[in-house]
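Right, one structure below, let's go through it.
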Amino acid sequence: MELQVASALRRVGESFSFDLSQTIGVQQYGGRSLVFAAPLHVSGQFSFDGKAFSVGGTVETVLLSVCARCAESFREPLRFSFTERFIKASEWEDNGECYPFEGDRLSLDTAVMDNLYLQLPLISVCREDCRGLCPVCGINRNHGSCMCEQAKPEGPFAALSELNFED
């Protein structure tokens with residue numbers, strides 16, 4: 001994903017809009033495979049202040065995820081905003097606060113993917129009221145019920161489960 005910024009380099013302080021889409025292949029992050037069910041759509045604005053570009057916008061996509069409760073596949077929409085700075089490569093220091101650019105193009109790939117990784121949920125759940133799998137027989141409780149007797153908790157805090165906290 002690249003922004004053509006030649007005109008912005010000549011017009012310091014002026015804001016420019018952009019709207020980009022790109023199909024993304026499977027990405028690996030944190031031991032997780034990210035499968036994209038829709039292109040990555042990035043829209044926003046950028047401006048040049050004479051030293052660096054400020055780029056801000058919104059990213060939208062859909063991931064193919066697996067529910068952490070019921071193990072069913074589902075489509076998980078992902079939408080987030082981002083703001084980043086791009087500084088000339090000759091003045092850039094790898095301090096993690098901005099991204100380098102050369103010439104009249106800004107490559108948004110690394111900045112967008114870095115922000116996407118930060119926005120990923122720790123666990124993906126197909127819906128808020130997902131009932132998950134029965135720990136005894138493994139049936140998906142969203143599709144049916146079972147007659148399994150639930151095991152009582154064990155350990156030093158097991159007695160707390162028997163207390164009635166309702167007043």
Side-chain angles (χ1 to χ4, degrees), residues 1-133 135 138-143:
M1 250 182 247
E2 287 189 343
L3 291 178
Q4 299 290 337
V5 295
S7 57
L9 287 167
R10 292 186 298 273
R11 301 192 316 213
V12 175
E14 193 171 330
S15 184
F16 297 86
S17 296
F18 67 92
D19 192 11
L20 305 168
S21 285
Q22 182 175 341
T23 301
I24 304 289
V26 176
Q27 300 289 310
Q28 300 296 322
Y29 179 73
R32 180 177 175 183
S33 292
L34 302 176
V35 180
F36 292 83
L40 202 60
H41 182 81
V42 183
S43 59
Q45 295 187 331
F46 65 93
S47 63
F48 185 62
D49 63 13
K51 181 178 179 178
F53 280 95
S54 293
V55 180
T58 303
V59 177
E60 294 181 68
T61 192
V62 178
L63 298 174
L64 290 179
S65 298
V66 176
C67 180
R69 293 182 189 162
C70 68
E72 296 267 331
S73 295
F74 72 103
R75 295 170 65 88
E76 181 175 24
L78 186 61
R79 178 186 168 95
F80 61 89
S81 297
F82 73 98
T83 303
E84 295 294 347
R85 289 201 32 97
F86 291 78
I87 194 162
K88 293 177 184 176
S90 59
E91 300 172 21
W92 179 72
E93 295 177 20
D94 190 8
N95 60 9
E97 293 184 17
C98 55
Y99 296 90
F101 80 92
E102 287 187 89
D104 61 355
R105 296 173 189 255
L106 295 183
S107 175
L108 298 181
D109 294 340
T110 303
V112 168
M113 292 308 291
D114 286 351
N115 279 278
L116 184 140
Y117 296 146
L118 291 171
Q119 296 298 321
L120 287 174
L122 292 176
I123 60 169
S124 296
V125 180
C126 62
R127 60 182 201 243
E128 270 187 55
D129 64 340
C130 177
R131 297 178 59 212
L133 302 175
I139 190 171
N140 185 336
R141 292 178 176 163
N142 296 317
H143 300 304

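Contact check for Leu64 versus Phe74: no side-chain heavy atoms found under the 4.5 Å cut-off. Contact annotation: the side chain of Ser65 never approaches that of Ser73 to less than 4.5 Å [non-hydrogen atoms, C-beta and beyond]. Thr61 has its side chain out of reach of Ile24: every pair of non-hydrogen atoms, C-beta onward, lies at least 4.5 Å apart. Gln27 has its side chain within reach of Met113: a pair of non-hydrogen atoms, C-beta onward, lies under 4.5 Å apart. Glu60 has its side chain out of reach of Leu40: every pair of non-hydrogen atoms, C-beta onward, lies at least 4.5 Å apart. Side-chain contact check for Glu84 versus Asp114: every heavy-atom pair is 4.5 Å or farther apart. The shortest distance between side-chain heavy atoms of Lys88 and Phe101 falls below 4.5 Å. A 4.5 Å side-chain heavy-atom check between Val42 and Thr58 finds every atom pair outside the cut-off.
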Q: Could you go through the side chain to side chain donor-acceptor pair (under 3.5 Å) check for Arg127 and Asn142 one step at a time?
A: CA-CA 10 Å; Arg127 60 182 201 243; Asn142 296 317; 3.0 Å; yes
Q: List the steps, then state whether side-chain contact (heavy atoms from CB on, under 4.5 Å) holds for Phe18 with Leu108.
A: CA-CA 12 Å; Phe18 67 92; Leu108 298 181; 4.0 Å; yes
(Q) Assess the residue pair Ser47 and Glu14 against the criterion (side-chain contact (heavy atoms from CB on, under 4.5 Å)); give the C-alpha distance rounded to whole Å, side-chain angles, the decisive distance to 0.1 Å, and a yes or no. (A) CA-CA 6 Å; Ser47 63; Glu14 193 171 330; over 6 Å; no
Q: Mind running side-chain contact (heavy atoms from CB on, under 4.5 Å) on Ser43 and His41 for me, showing each step along the way?
A: CA-CA 7 Å; Ser43 59; His41 182 81; 4.2 Å; yes
Q.
One pair to check against side-chain contact (heavy atoms from CB on, under 4.5 Å): Phe36 and Val62. What are the steps and the verdict?
A. CA-CA 6 Å; Phe36 292 83; Val62 178; over 6 Å; no
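Residues passing the side-chain contact (heavy atoms from CB on, under 4.5 Å) test with Arg141 are Arg131, Cys134, Pro135, Gln150, sequence neighbours excluded. Annotation: side-chain contact (heavy atoms from CB on, under 4.5 Å) contacts of Pro121 (sequence neighbours excluded): Glu76, Ser124.
To the nearest 0.5 Å, atoms CD (Gln45) and CG (Leu3) are separated by 12.0 Å. Interatomic distance, Leu20 CG to Glu2 CD, rounded to the nearest 0.5 Å: 10.0 Å. Taken from CZ in Arg69 to CG in Asn140, the straight-line distance is 12.0 Å, to the nearest 0.5 Å. Phe80 CZ to Asn115 CG: the interatomic distance, rounded to the nearest 0.5 Å, is 5.5 Å.
Gly138 and Leu133 make their closest contact through O-CD2, 3.6 Å (heavy atoms, listed as atom of the first residue, atom of the second, distance).
Using a 30° and 60° split on the angle between ring planes, Phe16 and Phe46 fall in the parallel class, below 30°.
Between Gln4 and Asp104, the side chains place no donor N or O within less than 3.5 Å of an acceptor N or O (distance only, hydrogens not considered).
Salt-bridge annotation for Lys51 and Asp49: absent, with no side-chain N of the basic residue lying under 4.0 Å from a carboxylate O of the acidic one.
The environment of Arg105 atom CZ is sparse: at most 12 non-hydrogen atoms of other residues, nucleotides or ligands sit within 6.0 angstrom.
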